[in-house]
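The sequence lines fix the lettering, A, B, ..., with proteins before strands; numbering per chain opens at 1.
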2 protein chains.
Amino acid sequence: MRDREKVFIHTLKQSGATFGIGDDGVSVGTYLIANDAFFEDIHFKRAWASLEDLVEKCFLVNLSDIYAMNAIPSFLLLTLSVPDNFKEVSKLAQIIGDCAKKYRIKIIGGDTLVGEKLHFSLTLLGQKRQRTLFRKGIKQGNILGYITPKGALNHAKMQSFGQNLKILKNSLRFCRDKKISKYSRFAKPLLYPKMLFELNNIAKAGMDISDGISLELSRLSQVNRLGFKILKQKGDWLYSPEEYQMLYAIERRNLKKMQKKAWKFRHQFVPFAVAIRGKYIAKKQNWHE
Amino acid sequence: MRDREKVFIHTLKQSGATFGIGDDGVSVGTYLIANDAFFEDIHFKRAWASLEDLVEKCFLVNLSDIYAMNAIPSFLLLTLSVPDNFKEVSKLAQIIGDCAKKYRIKIIGGDTLVGEKLHFSLTLLGQKRQRTLFRKGIKQGNILGYITPKGALNHAKMQSFGQNLKILKNSLRFCRDKKISKYSRFAKPLLYPKMLFELNNIAKAGMDISDGISLELSRLSQVNRLGFKILKQKGDWLYSPEEYQMLYAIERRNLKKMQKKAWKFRHQFVPFAVAIRGKYIAKKQNWHE
């Protein structure tokens, strides 16, 4: 799909009808708005998790976009499609309501309909804080780093989930009837909004990592017209997807300050690259098909 | 689906996580936001119309919600799902871009993915004008009326479309392989924003008619805790769906003024009911399943 998505977005941009596309969300008035879809058999399989976990994951993916741009998630619009034989409509509504309350989001609209599968499409509005953090804004010499609770991005739990997800996705793609391993796990990203808001204030630019650092770097490269020199030994950490940890660019002089702040929340800011003249192109290791 | 949708929305509201649900859109800051899904084999069949017409219809349904609340459509977020064998991604992007330009809307975000079918889910933001028009605000004695270009709501073209659509939907529901009549038509609603903005200013309350007047009246009855006495002979006009014409409540003294304004745009304001104490319950004649 990635290629078709590229064609689609490229053509749409060429048409001159777009505005602000390229960040996790877009700034409109005092709000930041992010849109994400979460479709059965594309982003998840029902067997992977309970309805509670599915709904929460779907919220967290969107929350992450809003936090990443330094806004406070406030309002949600939801398009929900449920299969014809879906018996848990009332339960699902309860779960969605509870999840919204947990994250202090008001549901302000939506559409529910019967489709072939369980699909969620979310539009989340966040109230802007003082300063909005964009992907753009990186200068030569800035330090790139990621946030992690354990000093390495792909810590055990995430890695295990990532590998399982890859196997699952491949099995979905090539062999739809293949049984899913009972060991498969469904990781919910952990978000620390308080920490993110403090780090966002120090950073020059940032984004959440959803497709692996390497792919995100190539996006930052394009937007900022800069390259990146990787300072850390290359490895899985560069390609591990679906982390929902932040990627930040900071001024060199703020490195200590950034690390201290992260540490306050038992996290690490791990510097791994420096912005240089040039272009960064990701090795092909796409996650989503 | 209507029943399940009711259960879903009822449970969600009970959870205390909702805000402002009940109008065509919801007011957030200086914006009005509306959300609508347009799914293949639920809201349309590919064979009914060209891609251009499908996209425009899908825009118009959302535009109508925004106009109805007296706002100027400004920004769009779009979740698009295309079937795996869909070859016209670039063409579709071009059509969507052109349509957005035609209606002066900027596309600010979205998600594209491969699904089973062609699905659109739109979130449209409208810039509020001086006064927002809600469904609430009707008082006893107010006159209810609809807007139509020809003096009767279900004029020939619409009626023909409506009947065809009904047959098509039934055939979709009960007999999925049934061939669709080559006479089936796919009506694009006609919207006159300039007129609507002038009429909106006179009205006490309003909404666009998407499920037939009778069903919309029962919604107005619930929100306003009032009944409606129908003054016109009951007939098809009360149940004809998918008109995207406005339903207004006005003060009795503004009837002439309202009719004059509509006439200026070659339309008629047709009064058909008066707000009374009590409750209006629609006869069961649901459109969407």
Side-chain angles (χ1 to χ4, degrees), chain A residues 1 4-5 7-12 14-21 25-26 28-31 33-37 39 42-43 74-75 77-82 86 89-90 92-94 96-101 105-117 119 121 123 125 288-289, chain B residues 1 4-5 7-12 14-21 25-26 28-31 33-37 39 42-43 74-75 77-82 86 89-90 92-94 96-101 105-117 119 121 123 125 288-289:
Chain A
M1 179 59 189
R4 266 182 286 185
E5 191 168 7
V7 169
F8 184 84
I9 293 171
H10 179 76
T11 313
L12 204 58
Q14 289 288 318
S15 80
T18 62
F19 168 76
I21 286 180
V26 67
V28 168
T30 57
Y31 289 93
I33 310 180
N35 184 255
D36 251 309
F39 276 30
I42 297 173
H43 303 98
S74 315
F75 299 113
L77 296 110
L78 172 71
T79 299
L80 177 71
S81 146
V82 298
F86 189 79
V89 168
S90 173
L92 182 58
Q94 188 63 51
I96 291 172
D98 288 345
C99 197
K101 278 193 291 182
I105 296 162
K106 286 285 177 193
I107 299 171
I108 59 170
D111 214 342
T112 44
L113 35 97
V114 170
E116 313 273 308
K117 296 189 173 171
H119 290 346
S121 173
T123 303
L125 282 83
H288 297 293
E289 191 189 352
Chain B
M1 179 61 189
R4 267 181 286 185
E5 191 169 6
V7 168
F8 183 83
I9 293 172
H10 178 76
T11 313
L12 204 57
Q14 289 288 319
S15 80
T18 62
F19 168 77
I21 286 181
V26 67
V28 169
T30 58
Y31 289 92
I33 309 180
N35 183 256
D36 250 310
F39 276 30
I42 297 174
H43 303 98
S74 315
F75 300 112
L77 295 109
L78 173 70
T79 299
L80 177 71
S81 146
V82 298
F86 189 77
V89 168
S90 172
L92 182 59
Q94 188 64 51
I96 291 173
D98 288 346
C99 198
K101 279 194 291 184
I105 295 162
K106 287 283 177 195
I107 298 171
I108 58 170
D111 214 343
T112 44
L113 33 98
V114 170
E116 313 273 308
K117 298 191 171 169
H119 290 345
S121 173
T123 302
L125 282 84
H288 297 293
E289 190 188 351

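Both the backbone and the side chain of B:Ser90 come within less than 4.5 Å of a heavy atom in chain A. Only the side chain of B:Leu125 has a heavy atom closer than 4.5 Å to any heavy atom of chain A. Of the atoms belonging to A:Phe75, it is side-chain heavy atoms, and not backbone ones, that fall under 4.5 Å from chain B. Both the backbone and the side chain of A:Thr18 have a heavy atom closer than 4.5 Å to some heavy atom of chain B. Residue B:Phe39 touches chain A through its side chain alone, counting heavy-atom pairs closer than 4.5 Å.
Heavy-atom pairs under 4.5 Å with chain A were tallied for B:Gly29, B:Ala34, B:Gly110; the largest tally goes to B:Gly110. Chain A forms more heavy-atom pairs under 4.5 Å with one residue of B:Ile105, B:Leu78, B:Val26 than with any other, namely B:Val26. For the set A:Ile9, A:Asp36, A:Thr30, the count of heavy-atom pairs under 4.5 angstrom toward chain B peaks at A:Asp36.
Atom OG1 in B:Thr123 sits 5.5 Å away from atom CG in A:Leu77 (nearest 0.5 Å). To the nearest 0.5 Å, the span separating CD1 on A:Ile33 from CD1 on B:Ile33 amounts to 5.5 Å.
In terms of heavy-atom proximity, B:Ala93 sits nearest to A:Thr11 at CB-CB, 3.6 Å. The shortest heavy-atom contact between A:Ile96 and B:Phe8 is CD1-CZ, 3.8 Å. Annotation for B:Ser15 and A:Gly97: closest pair OG-CA, 3.4 Å, computed over non-hydrogen atoms.
No donor-acceptor pair under 3.5 Å is formed between the side chain of A:Lys101 and the backbone N or O of B:Gly16. At least one donor-acceptor pair under 3.5 Å links the side chain of B:Asp111 to the backbone N or O of A:Ala37.
More than 12 heavy-atom neighbours from other residues, nucleotides or ligands sit within 6.0 angstrom of CZ on A:Phe86.
Exactly one of B:Asn35, B:Thr79, B:Leu80 qualifies for a side-chain contact (heavy atoms from CB on, under 4.5 Å) with A:Ser121. That residue is B:Thr79.
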